[in-house]
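Here is the structure we will look at.
Each chain gets a letter, A, B and so on, in the order the sequences are listed, and its residues count up from 1.
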Amino acid sequence: MNSKTEHIKEPLFHITKRDQMIWYKQWIIRTIAILAALVVSGIVIMVLTKYNPLKVYAEMFKGSFGSSRKTWILLQNLAMLLCISLAVTPAFKMKFWNLGAEGQVLVGGLASAACMFYFKDSLPNAVLILIMLVGSIAAGIIWGVIPALFKAKWNTNESLFTLMMNYIAIQLVSFFIMVWVPSGSSVMGVINQSSEAGWLPIVFDQKYFLNILIVALLTAAMFVYLKYSKQGYEISVVGESQNTARYIGIDVKKVIIRTMVISGGVCGLAGFLLVSGTNHTISKELAGGMGFTAIMVSWLAKFNPVLMVITSFLIVFLQRGAGEIATAFRLNESVADILTGIILFFIIGCEFFINYKINFKKHKEVK
Amino acid sequence: MENAAIELKNITKRFGKVVANNNVSLSVQKGEILSLLGENGSGKTTLMNMISGIYFPDEGSIFIDGKEVVIRSPKDAFKYKIGMIHQHFKLVDVFSAAQNIILGYEDGESYNIKKVEEKVKEICDKYGFDINPKKKIYEMSVSEKQTVEILKVLYRGANILILDEPTAVLTPQETVKLFAILKKMKEDGKAIIIITHKLHEVLAISDKVTVLRKGEFIATVNTKDTNESELTEMMVGKKISLNIERNEPENTEKRLEIKNINCINREGVKLLDNISFIAQSGEILGIAGIAGSGQRELLEAIAGLQKLDSGEILYYNPKTGEIDNLVGKTPLQIRDLGVRLSFVPEDRLGMGLVGNMDIVDNMMLRSYRKGKTAFLERKEPKDLADTIIDRLKVVTPSTATPVRRLSGGNVQKVLVGREIAAAPTVLMAAYPVRGLDINSSYAIYNLLNEQKANGVAVIFVGEDLDVLIELCDKILVIGAGKITGIVDGRTATKEEIGLLMTKTDKIGGAENE
């Protein structure tokens, strides 16, 4: 053992954990990450499409803010994504991985559509809308509570359970569209086109204004609920440690079920807003993957409802911009997806540099 | 002079802003036992982890047999014949001792368990281990598992052995046996480093002592030239008296009566086996026993967290004079009965507190339900947090600091402070000084004594028998879920308690010894 003669080198670098970084430094790193993402995306754009990246970026921006109509659409998309993100947040804070927002939104929307289809003009509009609202929320709650009950009673895995509930919801929607559309087409047209029964009223001349307002109020309410209410506190305790919750006498099962009632209920509300306020129809793509994107929005904002406004804006902005450049430059949609991917990669990846430090090799040769 | 078996020179390791080791040097010769002494958080384990390849030092160098080496991974450490026996065993439960020993070992030979068993036997005979290589880990006692860990590194030919707090889990008798083995290894020319904070063990076993304090290297002294009080002073940085005061209990009356409680788990193992005792007000009742003998279940049963199969837990209410049976009640129901029961659980951050929440929110855990509105009232908890920080000298940047960022001692002060603030009539504390430095430990003992003087029935589950004997009025010894004896704290000896602790070991399961 003494005759070890091989040349041993120090490792090139090693990683150590940082202390909490000051907030402005964190934002400097995040800004650098976004700039770096833009540069890398620019290079990719040039290599793949030979277009001037600055032009492409300008077009992206136009996609979101090019006209007042586009801005309203952006705000509407933002509101819906934010609404679903708010819905999954209490569950996530409780470490209940609700991957079923997609399905909970769908059944919510389905309930609204069903009310619109069956009651048509037989009820005053205000009453109809109220019934739709209640029905949607109830449907969302049912879809959310089923996995919660199983989790509380038999400790089933909620991720799989909620995920699979999504497919049931999709099939359910397909089934009802088949029942409702006599032609056998799998696409449902606008419901109550002429009477506009069950449509959310247009306020201030803006179709989406009411949607946005409701979600704004919901954001504030969710923020207060999570931070200042006793129930919100219980959610945090259960999420952090079920043992501690038991120790101080919190009924963990009750909290799980109650929180999923809220989560599912808000998803149902989102379904209502999408059907009654936005699309006036139902399709399998009602939630359009937002149930999953919402998970990212919620995590990126570290479960803070106010920060979620920013993170959902970021995602919607990227999606809108990506769609715009795809049409403007006649690019394949995939190019837009690649750009979105690059930017998200940098934004999420920079968190590593906020939490860890890389120590490079010292300038000392070991003999 | 002969080259040291291992020598560390000016090692520094930082974690963020925290300096875990600052400019630490030490050396061990072949055939020498070095004690690495220091309080919890003084950087002993960090230092040893750098030798065993888990961490990489920021500065400084390591020499083996006089040659500078770089240890980047546990594999490198193994190459230099360094073996570490961790505090928490890393064994596969369903494998036999021999299988665990050979696991992951590449010696170029084909797998032959017979040969391994023979070689293990050889090592056992050489150093005086007493173990059956065919025995499965889950059938073993803690001390046997430790033996397997030691055999594992010896089998791989380790010449430098590091033992991290090896006696923490052992009874006094087992400790004596371990020390005899260590001495044999020393005679065989092994270099041994033993990490500990128990002074009498340092004096009993080692040749040299290196003292660390808050990551700083303090001194290396020869064991024969030093004594307990000098070492304490080096360790703590100032002179402190090591006596715990114990006043005679006053105005004792029955507060809690446990009657024949039984608890059987799913596998049919009796976690609590017909336990009966009485806890009196104004008295500290100690509970001694090997870790995992039912202490946790017992306290959790009293707190309403553990379902019982039979038996009664009677609470004598000092205000109303009523007697309530607590069995089958939830913690909330127990509180609604007017039972003022405080509980400092063993798992502080996993049960008593929420690590990611700040001090104020942790204060609220017990009291957040107060008030009629649906909203939280943070003013009272904030005041309580300020009071506790002030009175118990909790070191924290502010009340808004997440408790997981506090040191172990401060975490415990926050928890004990909160539990005492509830003005309990029964206070249960499980291993309240585990991982605490000497000053914090004494602060906790004083708090318990204060509660005793206030007429609280204190139940104290401890692991350090010296402390139990000094602090408690009565000591209940528990083994494998059974009470094996109740002794008077003023007259009991360590050996007596140690024997009681292992008494059921023979009845309870293994055919060891």
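Contacts of residues 143-160 of chain A with chain B at a heavy-atom distance below 4.5 Å are absent; not one residue qualifies. Contact residues of residues 247-269 of chain A toward chain B are Y247(A), I248(A), G249(A), I250(A) (heavy-atom distance under 4.5 Å). By a heavy-atom distance cut of under 4.5 Å, not one residue of residues 294-305 of chain A is near chain B.
Counting heavy-atom pairs closer than 4.5 Å to chain A, the top-ranked of the candidates M357(B), E377(B), R335(B) is M357(B). The choice from Q333(B), R378(B), E300(B) that makes the most heavy-atom pairs within less than 4.5 Å of chain A is R378(B). Among Y225(A), Y233(A), Y228(A), the residue making the largest number of heavy-atom pairs under 4.5 Å with chain B is Y233(A).
For the atom pair CG (L376(B)) and CD (E234(A)), the distance works out to 9.0 Å, reported to the nearest 0.5 Å. Note: K227(A) NZ to F375(B) CZ = 14.0 Å, rounded to the nearest 0.5 Å.
Heavy-atom distances place no part of A303(B) under 4.5 Å from chain A, backbone and side chain included. Contact annotation for K329(B): neither backbone nor side-chain heavy atoms come within less than 4.5 Å of a heavy atom of chain A. Heavy atoms closer than 4.5 Å to chain A are found in both the backbone and the side chain of D361(B). For a residue to count as touching a neighbouring chain, one of its non-hydrogen atoms must lie under 4.5 Å from one of that chain's; by this rule I334(B) does not touch chain A. Both the backbone and the side chain of F343(B) come within less than 4.5 Å of a heavy atom in chain A.
Panel note: side chain T244(A), backbone G350(B); a donor-acceptor pair is recorded below 3.5 Å.
When the salt bridge (Lys or Arg N to Asp or Glu O under 4.0 Å) test is applied to K230(A), no partner is found at least two apart in sequence or on another chain.
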